[in-house]
> 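A single structure is presented below for examination.
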Amino acid sequence: MRILIADDHDLVRDTVVLYLENEGGITTETAADLGGALRLIEAGTPFDLVLLDFSMPGMDGLEGLRKVMALPGRHRVALISGTANREVAEEALAVGAAGFLPKTLPARSLVNAVRFMAMGEQYAPLDFMRAREPDAPENALAKTLSRRELEVLEGLTLGKSNKEIARDLDIREPTVKLHVKTLYRKIGASNRTQAAIIAKEAGLF
């Protein structure tokens, strides 16, 4: 797996490289701005995933993302940022980005997310994407569930198996089963289909 990390902060680049290359089976290239990233991509050796810092020189908001996505080749492109808000993340995903990674993401989650995106999936951390605006009313059903139970419930509404949910959340499958059992009781569901219907009717997802 070949990954390009483009970020204007040396520490961020070095840290992400260390996380990824310690995993084995992953090689990395780095760039300090959008121009450097474009040159490496155009050099010919394909990347499985390109990580672009949202605020590095040359990006011009999401224009940099669009430029890289428009280049010939089968590389996938994701944003990494310490400043972008949920609206930026949602727009990036809407235009086809492979994902959005906050720089606060733990090392293990970052590595899992990179593998996930390089394999063709779209990723964004649920807690970041679900963060409410300050004056947004809280969903009544959501108030009865923990953050993890909400994450598991979202997986159910997407038709994912316990194994898939465990992989997405970086937890063990028996833990998922326990959360499923608990949230069934809390929302009054007797099976996965019913839980998904209840969640959708309540406007949770």
> For Arg76, which residues count as a salt bridge (Lys or Arg N to Asp or Glu O under 4.0 Å) partner, sequence neighbours excluded?
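Not a single residue meets the salt bridge (Lys or Arg N to Asp or Glu O under 4.0 Å) criterion with Arg76.
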> Could you list the residues that satisfy salt bridge (Lys or Arg N to Asp or Glu O under 4.0 Å) with Asp168, not counting sequence neighbours?
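Scan of Asp168 (salt bridge (Lys or Arg N to Asp or Glu O under 4.0 Å), adjacent residues dropped) gives Lys160.
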> Name all residues meeting the side-chain hydrogen bond (donor to acceptor under 3.5 Å, both in side chains) criterion together with Gln122; count only those two or more places apart in sequence or in a different chain, and write none if there are none.
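If we apply the side-chain hydrogen bond (donor to acceptor under 3.5 Å, both in side chains) test to Gln122, skipping adjacent residues, there are no hits.
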> Check each of Val152, Ile198, Thr144, Leu150 against Leu183 using the side chain to side chain contact (heavy atoms under 4.5 Å, CB included) test, and report the only one that passes.
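Exactly one option meets the side chain to side chain contact (heavy atoms under 4.5 Å, CB included) with Leu183, and it is Val152.
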> Just verifying a value: how many Å separate Leu156 CG and Asn162 CG, rounded to the nearest 0.5 Å?
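Spacing of CG (Leu156) from CG (Asn162) equals 7.0 Å.
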> I'd like to know if the side chain of Arg13 reaches the main chain of Asp7, judged simply by a donor and an acceptor atom lying under 3.5 Å from each other, with no hydrogens or angles considered.
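Checking the backbone N and O of Asp7 against the side chain of Arg13, a donor-acceptor pair under 3.5 Å is found.
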> I'd like to check the side-chain contact (heavy atoms from CB on, under 4.5 Å) partners of Ala97; sequence neighbours left out, ordered by chain and number.
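By the side-chain contact (heavy atoms from CB on, under 4.5 Å) rule, Ala97 matches Leu65, Ala92.
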> Taking side-chain contact (heavy atoms from CB on, under 4.5 Å) as the definition, give me every residue that meets it alongside Thr27, ordered by chain and number, with sequence neighbours left out.
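For Thr27 the side-chain contact (heavy atoms from CB on, under 4.5 Å) partners, ignoring immediate neighbours, are Arg2.
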> Quick one: side-chain contact (heavy atoms from CB on, under 4.5 Å) partners of Lys181, sequence neighbours excluded?
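Residues passing side-chain contact (heavy atoms from CB on, under 4.5 Å) with Lys181: none at all.
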> On a heavy-atom basis, which atom in Ala37 and which in Ala6 lie closest, and how many Å separate them?
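The answer is CB-CB, 3.9 Å.
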> Is the side chain of His179 donor-acceptor paired with the backbone N or O of Glu151 at a distance under 3.5 Å, no angle test?
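Not confirmed, His179 side chain does not pair with Glu151 backbone.
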> What residues form a side-chain hydrogen bond (donor to acceptor under 3.5 Å, both in side chains) with Glu23, not counting sequence neighbours?
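Applying side-chain hydrogen bond (donor to acceptor under 3.5 Å, both in side chains) to Glu23 gives Arg108.
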> Got a sec, which residues hit ring pair (Phe, Tyr, Trp, His ring centres under 6.0 Å) with Phe100, two or more places apart in sequence or on another chain?
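Scan of Phe100 (ring pair (Phe, Tyr, Trp, His ring centres under 6.0 Å), adjacent residues dropped) gives Phe128.
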> Give the minimum heavy-atom separation between Met1 and Ala118, together with the two atoms involved.
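Where Met1 meets Ala118 most closely, the heavy atoms are SD-CB, 3.7 Å.
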> Please name the pair of heavy atoms, one in Ala124 and one in Leu93, separated by the smallest distance, quoted to 0.1 Å.
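Closest approach of Ala124 to Leu93, heavy atoms only: CB-CD1, 3.9 Å.
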> Mind checking what makes side-chain contact (heavy atoms from CB on, under 4.5 Å) contact with Thr104, not counting sequence neighbours?
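Applying side-chain contact (heavy atoms from CB on, under 4.5 Å) to Thr104 gives Pro102.
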> Who are the side-chain hydrogen bond (donor to acceptor under 3.5 Å, both in side chains) partners of Lys177, not counting sequence neighbours?
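None.
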> Using the side-chain hydrogen bond (donor to acceptor under 3.5 Å, both in side chains) criterion, which residues pair with Ser190? Sequence neighbours excluded.
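In terms of side-chain hydrogen bond (donor to acceptor under 3.5 Å, both in side chains), with neighbours along the sequence ignored, Ser190 is linked to Gln194.
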> Output every pair passing side chain to side chain donor-acceptor pair (under 3.5 Å) with a member in residues 30-58, not counting sequence neighbours, ordered by first then second residue.
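As it turns out, the side chain to side chain donor-acceptor pair (under 3.5 Å) pairs with a partner in residues 30-58, which skip direct neighbours, are Asp53-Lys103.
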> Taking all non-hydrogen atoms of both residues into account, name the closest pair between Tyr184 and Asn191 and its distance.
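Looking at all heavy atoms of both residues, the closest pair is OH-C, 3.2 Å.
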> So do Val68 and Leu34 actually touch side chain to side chain, heavy atoms under 4.5 Å?
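Side chain of Leu34 against side chain of Val68, heavy atoms only: contact under 4.5 Å found.
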> Walk me through whether Glu164 and Arg167 qualify under salt bridge (charged side-chain N to carboxylate O under 4.0 Å, His left out).
CA-CA 5 Å; Glu164 289 172 323; Arg167 181 195 64 189; 5.3 Å; no
> Taking all non-hydrogen atoms of both residues into account, name the closest pair between Leu110 and Tyr19 and its distance.
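In this case the closest contact between Leu110 and Tyr19 is CD2-CD1, 4.5 Å.
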